[in-house]
2 protein chains.
Amino acid sequence: MPRAGLDPAAVVAAGAALADEVGLAHLTMGSLAERLGVRTPSLYKHVSGQDDLNRRIAALALSEAADAVGGAVQGYAGREALAAAARAFRAFVLEHPGRYAATIGVEPSGPDDPLATASRRLLAAFVAVLRGYEIAEPDVDHALRMLRSLCHGFATLQAADGFQWSADIDQSFEWLITFADRGLRVMSGAGAV
Amino acid sequence: MPRAGLDPAAVVAAGAALADEVGLAHLTMGSLAERLGVRTPSLYKHVSGQDDLNRRIAALALSEAADAVGGAVQGYAGREALAAAARAFRAFVLEHPGRYAATIGVEPSGPDDPLATASRRLLAAFVAVLRGYEIAEPDVDHALRMLRSLCHGFATLQAADGFQWSADIDQSFEWLITFADRGLRVMSGAGAV
DNA sequence: GCTTCTAGCTAAAGCGATTAGCTACAGCGT
DNA sequence: ACGCTGTAGCTAATCGCTTTAGCTAGAAGC
């Protein structure tokens, strides 16, 4: 038996890729092992089980998403930054539906969990977008949650084929960006709540 | 063996309730059978399998959500209607996270599928909300998708405990309603995209 | 070249979904 | 009241996937 030369990172990367291809629900230890040219139990030398694998895929996904969004925002402000961030986020989720799905419902075990770090990085990228609007300090958290809900909701609904009816989806997304831009500008004037 | 007197509706209702309690992922045929005082294989006399059960729970959830949102909107218009719909929707998802989770990723098999009917009813409730704003006809679809993304995103993120940081979540949701109201009003003026 | 560490293997246990086939309760007609 | 019939629920068994136990041999250091 020739050594396959695996390590945790390689297993997680392959798992994420496979999840993107077949859907997270169809990612089994067996199929992943086969993909890696190895027998199923061998995977347990690198990840401690399906749960651990899922958490690591989630951390990878959030980290990549943070890179994508953070990079897209560079050099822009205001509406441009918002549009770039939203488009980058959606593109990431649509290209990597499996690994993004792994992030839903996982909770960091502590502040040092790679999951928590990656999550903070992604949030930071959205905070940067909000700096382009005159949001009152106490409202920044609310705006951040709104932005995240909007992006998460749209991307996951589309990834799950939740939009059955007719109108063009890209167009809807551009409309949504305009909506968010104008809404944020209006909210910056008067105190909300 | 005394008859338990089950039927598909009772099995689905119990499944939905159990999913709300323990989470959709932990809803097993075994635990559901135990809850109903019956052996596992007996369930297959009422639903054709886990897939079928999931679809039926999803249809039930969408139908109930449509009732809740539709009822809440009655007699209101504009901001009041929007707030009522959003609050009703969020309350439903938070009270019934398991059954709502069942709706994610299921696709109606055809236009007569109870799933499709329930889905249309829920959408209709949101369309009613939008009638209170002067949205140009071609933009109604976009606004509907936006509204759905916003509600779905916020509710599922909260249900999954996705909001780790500090600010008060109810307050964030009220802020979000105000944001959506103002955004919809602004969008009604100028043509978007 | 020898020792040591460990990636990967085979074997096996265990759990959940599902199917096959039996049994007996309930509702019906007589 | 009595038997007939349809079917809800049962036991037994299969199958697939996860996970553990224990072995083996390739690679790295001396």
Side-chain angles (χ1 to χ4, degrees), chain A residues 1-60 98-99 101-107 109, chain B residues 1-60 98-99 101-107 109:
Chain A
M1 45 183 130
R3 290 290 173 104
L6 295 181
D7 58 26
V11 171
V12 171
L18 190 52
D20 288 341
E21 287 173 36
V22 303
L24 184 64
H26 293 95
L27 172 64
T28 72
M29 298 300 269
S31 59
L32 178 54
E34 187 179 21
R35 165 74 57 105
L36 289 166
V38 140
R39 299 304 182 125
T40 306
S42 305
L43 297 181
Y44 289 79
K45 296 288 180 181
H46 306 292
V47 296
S48 70
Q50 213 168 217
D51 238 53
D52 181 39
L53 176 63
N54 197 293
R55 295 179 66 80
R56 290 181 194 234
I57 290 176
L60 175 66
R99 70 189 69 187
T103 67
I104 298 170
V106 287
E107 274 199 85
S109 55
Chain B
M1 44 181 131
R3 291 290 174 103
L6 295 181
D7 58 26
V11 171
V12 171
L18 190 52
D20 288 340
E21 287 172 37
V22 304
L24 184 64
H26 293 95
L27 172 64
T28 72
M29 297 301 267
S31 58
L32 178 54
E34 188 179 19
R35 165 73 57 106
L36 289 166
V38 142
R39 300 300 183 134
T40 306
S42 304
L43 297 180
Y44 290 79
K45 296 288 180 180
H46 306 291
V47 297
S48 71
Q50 211 167 220
D51 239 52
D52 182 39
L53 177 63
N54 196 295
R55 295 179 65 81
R56 289 180 194 235
I57 290 176
L60 175 66
R99 70 189 70 188
T103 67
I104 299 171
V106 287
E107 274 199 86
S109 55

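Per chain, numbering begins at 1; letters A, B, ... match sequence-line order.
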Quiz item: Among D/dG9, C/dG8, D/dT11, which nucleotide sits nearest the side chain of B/Leu6?
Solution: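 Per side-chain heavy atoms of B/Leu6, the pick is D/dG9.
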
Practice problem: State which residues pass side-chain hydrogen bond (donor to acceptor under 3.5 Å, both in side chains) with B/Ser31; sequence neighbours excluded, sorted by chain then number. | Solution: B/Thr28

Practice problem: Take the protein atom CZ of A/Arg39 and the nucleotide atom C1' of D/dT20, then report the distance between them rounded to whole Å. | Solution: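 Value for this atom pair: 18 Å.
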
Quiz item: Rounded to the Å, how far apart are A/Glu34 CD and C/dG8 P?
Solution: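 Rounded to the whole Å, the gap is 16 Å.
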
Quiz item: Would you say A/Leu32 and A/Leu53 make side-chain contact, with heavy atoms under 4.5 Å?
Solution: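 Yes, close enough: below the 4.5 Å cut-off.
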
Quiz item: CG of A/Asp51 versus C1' of D/dT19: gap in Å, rounded?
Solution: 13 Å

Quiz item: Quick one: B/Lys45 NZ to C/dT18 C1', roughly how many Å, whole number?
Solution: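 Atom NZ in B/Lys45 sits about 13 Å away from atom C1' in C/dT18.
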
Exercise. Grab the CG-C1' distance between B/Leu43 and D/dA8 for me, whole Å please.
Key: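 Atom CG in B/Leu43 sits about 11 Å away from atom C1' in D/dA8.
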
Practice problem: Decide, yes or no, whether a salt bridge links B/Arg55 with B/Glu107 under the criterion of side-chain N to carboxylate O below 4.0 Å. | Solution: no

Exercise. Looking only at non-hydrogen atoms, find the nearest pair between A/Asp20 and A/Gly98 and report the distance.
Key: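 The answer is OD1-N, 3.0 Å.
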
Quiz item: To the nearest Å, how far apart are A/Asp7 CG and C/dG8 C1'?
Solution: 14 Å

Quiz item: A/Leu32 CG to D/dT19 C1': how many Å, rounded?
Solution: 15 Å

Quiz item: Should we count CD of B/Glu21 as having more than 12 external heavy atoms under 6.0 Å?
Solution: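 Counting other residues, nucleotides and ligands, CD of B/Glu21 exceeds 12 neighbours.
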
Self-check item: Sequence-distant partners of A/Ala16, side chain to side chain contact (heavy atoms under 4.5 Å, CB included), two or more places apart
Solution: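 Side chain to side chain contact (heavy atoms under 4.5 Å, CB included) list for A/Ala16, sorted by chain: A/Ile57, A/Leu60, A/Arg99.
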
Could you pull out the protein-nucleic contacts involving nucleotides 14-18 of chain D (nitrogen or oxygen on both sides, under 3.5 Å)?
residue: D/dT18; atom: OP1; partner: A/Met29; partner atom: N; Å: 3.3
residue: D/dT18; atom: OP1; partner: A/Gln50; partner atom: OE1; Å: 2.4
residue: D/dT18; atom: OP2; partner: A/Met29; partner atom: N; Å: 2.9
residue: D/dT18; atom: OP2; partner: A/Gly30; partner atom: N; Å: 3.4

Quiz prompt | Side-chain N,O (B/His46) to OP1/OP2 (D/dG9) below 4.0 Å | solution =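 The answer is yes; a side-chain N or O of B/His46 sits under 4.0 Å from OP1 or OP2.
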
Quiz prompt | Distance below 4.0 Å between B/Ser42 side-chain N/O and D/dC10 OP1 or OP2 | solution =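 True: B/Ser42 side-chain N/O within range (under 4.0 Å) of D/dC10 OP1/OP2.
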
